[in-house]
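In what follows, chains are A, B, ... by sequence order, proteins preceding strands, each numbered from 1.
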Amino acid sequence: MGILLDEHSRILVQGITGTEGSFHAKACKAYGTNVVAGVTPGKGGQVFDDDIPVFDSVEQAVKETAANVSLIFVPPPFAADAITESIDAEIPLIACITEGIPVHDMIKVRRHVDRSPVRLIGPNCPGMINPAAHCKVGIMPGAIHLPGRVGVVSRSGTLTYEAVGQLTSLGIGQSSCVGIGGDPIIGTSFAEVLQLYDEDPETDMVVFIGEIGGSMEQQAAEYIKNHMQKPVCALIVGASAPPGKRMGHAGAIITGHSATSESKTAALKDAGVTIIPSPADIGTTAQNILEQIN
Amino acid sequence: MGILLDEHSRILVQGITGTEGSFHAKACKAYGTNVVAGVTPGKGGQVFDDDIPVFDSVEQAVKETAANVSLIFVPPPFAADAITESIDAEIPLIACITEGIPVHDMIKVRRHVDRSPVRLIGPNCPGMINPAAHCKVGIMPGAIHLPGRVGVVSRSGTLTYEAVGQLTSLGIGQSSCVGIGGDPIIGTSFAEVLQLYDEDPETDMVVFIGEIGGSMEQQAAEYIKNHMQKPVCALIVGASAPPGKRMGHAGAIITGHSATSESKTAALKDAGVTIIPSPADIGTTAQNILEQIN
Amino acid sequence: MKLHEYQAKEIFSRYGILVPNSKVAYTDEEARDITNKMGGRAAVKAQVHAGGRGKAGGVKICQTPEEAYTFAKSILGKYLVTPQTDNQGVPVNSLLIEELAEIESEIYIAITIDRDARSTVMITSPAGGSDIEEVANATPEIIFSEPIEPVLGLMPFQTRRMTRQLGIEGSAARDIAKLMISLYQIYLDNDCSLLEINPLIITKDQKVVALDAKLDIEDDALFRHKDLQDLRDRSQEDQLEASASDQDIAYVNLDGDTGCLVNGAGLAMATLDVANAAGAAPANFLDVGGGATDEKVAEAVSIILSDPKVKRVLVNVFGGILRCDVAARGTVLAYKRNNCTLPLIVRMLGTNLEEGKEILRNSGLNVIFADTLTEAAKAISES
Amino acid sequence: MKLHEYQAKEIFSRYGILVPNSKVAYTDEEARDITNKMGGRAAVKAQVHAGGRGKAGGVKICQTPEEAYTFAKSILGKYLVTPQTDNQGVPVNSLLIEELAEIESEIYIAITIDRDARSTVMITSPAGGSDIEEVANATPEIIFSEPIEPVLGLMPFQTRRMTRQLGIEGSAARDIAKLMISLYQIYLDNDCSLLEINPLIITKDQKVVALDAKLDIEDDALFRHKDLQDLRDRSQEDQLEASASDQDIAYVNLDGDTGCLVNGAGLAMATLDVANAAGAAPANFLDVGGGATDEKVAEAVSIILSDPKVKRVLVNVFGGILRCDVAARGTVLAYKRNNCTLPLIVRMLGTNLEEGKEILRNSGLNVIFADTLTEAAKAISES
């Protein structure tokens, strides 16, 4: 099963005719994902990669193809429009890959998401994948994934691949992997994804990779402490980052004590989470936990 | 029991030092209502009517007096501020009497209400009353009410009094009476109040008085048809109003077929509601229903 | 509060919306001169606060300055009766003289409040230039509604949907999308209750131009628009309604002969319904409000009495905030001031009822008392 | 993007916020002349993009034009090192010469993003004029936060709460409440990421004046503010960071000696942590991004090599969108262009791994390969 995606997921790619959109739409399709439609305003009527119809609007795409997941690649100035267009068309699950959306746009979009029956993953995220369902809605390299029973959740892209790579190289498969995004304001929090994993019968444990900035990791720790049934191991990266400097991600910036790696690690430890000692130990830490619970 | 108010209701009056606010705060108190505080920015520290402390802010008033209902009389330019101040102070129930709030203010306030744990009655309404609990949060003449088992809900003020007057003169008491307000955008709909009455063990039936304008009565009919267990009788006033003219209430204006009295009456009849033939027959219609169910 | 077309177009221009070159004329000579300066041909449009002026003869395409002069002479200072006015009509005090446009297509576009969506809504139709209510009745499928989320504003995907629904493409679609965003800004900035362009045209050279413009400002929000308050043209309003509104009395002129004074809008509507059912068509809706004084009641009754079609007066007061004695004193005051002898039916209930009745009984007026709405109805039909 | 104090104050003025009379001086003579025209006394303030300039000697209250001249001469064209700059400091190219104010009290006020509230937040404190981070650590109870709902904007009750918390009353409280509403408007209109006034003062005659002004514009929103783009002062930025940013490379200069090239911000942070744990402090954070070409990788490596403190380079690439062969080619290119002989530790994984390794092996460079992060750490500590 896994979370968010399954074999019924029908993917629509917003910005499918752009450089990034077309590259990744093909990669998703190559992985086995059911990419049913693309949207680029003004390019309706074209056909992408032999068999994917392109529409002028999400509304038309949904009507014609029953798409139920939207994957967004449009440039930052148009991203808020793309997200709200998918919400308007009643798409229940959206992953927005776009990096660099103005934060004031995201404040408004997030308020709108809050009053809409939609789950938004991202923006500025690698997306999500369910290896067993052959469903990849994002930019991760599909080949490194292995179907299995470990859930992975992270803020960022390549570090998630690093985690998955370590797991797969030890023969440990993943039920799903979700990158929630590196921006200060995103659609879905760590705690929400942890809850999905906790409720998923095909996930045995979770690998959770946080970073400096904000206090979302503390909120996740709070959730784990009070609700989480399954074991979690966690890594917080950015211990070496100086305060006040944005470390690539718009959200990865230490602006106070709670934003530091120490504070986050302490909160997670307090919640009973196994701390991954170094980025090199993600796979082995998970392996130890799996050995204990099996 | 009744709805919304009970003997634990602790009333705060926003705008207590104004002409209307002071008049009605006294009248509420005289009815037996537990008026615990007043708020007028800049007048904090005063004492109103011998024993009601006045505060500069709702926050301070709630902290000092544990007020849990706010009754608002501030002038229209300041009403959105007053409502949101009470929401900010986590008051769970607000009745806003103020008439003439700009509709653009109410659009924003309503969005904020939607994401807050608060029930807003009004604006531009007479408020609400629970006769058995001696609790009056509004501008209705208390003396005409009689404790009993009929729920009354209406958009407007004096017409509600007319309904209550007819009921009381026939010896029929009220469990509660709520005026939801005559503006195009209000906090609580007919359907929501009907649901409260349906769930209230001390209400046997509902008298429902709608008017021309909008389509809230049709939504109520929909609710009644699909959910309502208890009998409802209804009157729609404004059959004599010409289209396009605002009949006093900002919301009472016929702007299309569904806003007419005929359309509303038809929807209610279709939902199994007993139609009150004339404004003169409110009391007798309720009496007939009560005789049938007893 | 309604604005004139030329006032609305001035505001539109400030937001970068194209309108035809135009100038206001207040005399027939001005109409001729302006038309002359525009090259001899112009649209001459009566500036009145009423829709349907085209059908009513309030707009003329003039091919010569003389024709403009003659038309202006025929209409200025007169009353124009349109399907949306009463029988008296509205006075024509000014004309907008406007350059003619080469129309390729016409669109309807408006913004108003959507109560169900609890937000503003943009309404469009390809049936521009028509009576939109007739279109809505006959072919509702070509009227399109786009609710606007207040936190987001009008989003580009919505403007694309609307131009698609309207069947517009190319540069005109982009210009209309941009115009829609500007219109929403105008609507917000000026606290409008209605903004309407009918028609918005696409010219033969693909320019998007607002050929007409209607802008109603929300009365309740006027307090924060000092500049707009000055644009009020009282000559265009029903004089009784305007003078009532000055005194904060909600009054609507109706066709019947029974004058009605009531406190509270709901009860006032109910009273009209009761009067109607009794076979006595009401002459007006009047809500005197809750906090009225003797003098305000007297003013309200005087407004009723100044309406020549009124044959009897019904006072229906549920005494609460407005006490019965105040209502009685005010009514007596007005009757005496106007030396009025029309039948007076009074139904009062609530606070200070007995004092009120006493005042009326001692007034020397011929008062017919009713205790209930049923009795009041009976008394009206018999008076 | 940071603005200078004088640029921020110009924007403040347009929104009706009081700022002291002032003028910018670019030479010592100008500083003297302006001070002279202001009556002989003035505050002379270095215009630099760094906080803490007061403590660092970047601000001087001058009692004579000569004093202003001397101070200007001593600081213009020099580098100012403050607690918020690196050891090199930032160049002082201009001075703001400002009329002195009679201060009664000082307030701190700022607007920024509150990630937890997912909205903007106004932050105030009566400890104006102090280092606000020190205040937050020592006495957090006198720092007040007011989250702003985007659909409502900053509400009057919030401004009243804040003035109450600040202990301000009377006309100054009303003026500050009004100023708060204006500040929020400035913040929104200009897509700011930080707005700060420290101190906002109340003068002895009860005027509310912004004595300092800090305005950071959100880089991601600069595309819609063409006017603000022109206000960028590149001289104030870390030159390596600025040239990286021009090429869309995320780069942060750090104190260590191990240059790091990574793809992806998360993996880049993880790489720094691994390097640190191995006892090799990183010289930089560098995320070359996903869609990099040979040339962009080469530019990124060249930026690392241009940093004189770098003693070795670690390349850590998880090949996905960025293929390993591209990373390899770009690295070799940069090493050759710069005739670089520094140790090169490479850890690559993913797409086109073998091609990448082959390119490095055939490059003639002395490459130390690592397969895992652990091996990379070991290689760093041994190099």
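Proximity to chain C (any heavy atom under 4.5 Å) is shown, for B:E162, by both the backbone and the side chain. Neither the backbone nor the side chain of C:A244 comes within contact range of chain B, judged by heavy atoms closer than 4.5 Å. Contact annotation for C:N263: both backbone and side-chain heavy atoms come within less than 4.5 Å of a heavy atom of chain B. If you measure heavy-atom distances from C:Y187 to chain B, the contacts under 4.5 Å come from both the backbone and the side chain.
Using a 4.5 Å heavy-atom cut-off against chain C, the contacting residues of residues 183-193 of chain B are B:P184, B:I185.
Salt-bridge annotation for C:D219 and B:R246: absent, with no side-chain N of the basic residue lying under 4.0 Å from a carboxylate O of the acidic one.
Checking each of C:R115, C:E218, C:R118 against B:V103 for a side-chain contact (heavy atoms from CB on, under 4.5 Å) leaves exactly one that passes, namely C:E218.
Counting heavy atoms from C-beta outward, B:K245 and C:L254 have side chains that stay 4.5 Å or more apart. Under the 4.5 Å side-chain criterion, counting only non-hydrogen atoms from C-beta, B:I212 is in contact with C:M269.
With hydrogens and angles disregarded, no donor-acceptor distance shorter than 3.5 Å links the side chain of C:D273 to the backbone of B:V237. Under a 3.5 Å cut-off, the side chain of B:H249 and the backbone N or O of C:G264 do not form any donor-acceptor pair. The main-chain N or O of C:F318 is never found under 3.5 Å from a side-chain atom of B:T158 such that the two would form a donor-acceptor pair.
Between chain B and the options C:A250, C:P150, C:A221, heavy-atom pairs under 4.5 Å are most frequent for C:P150.
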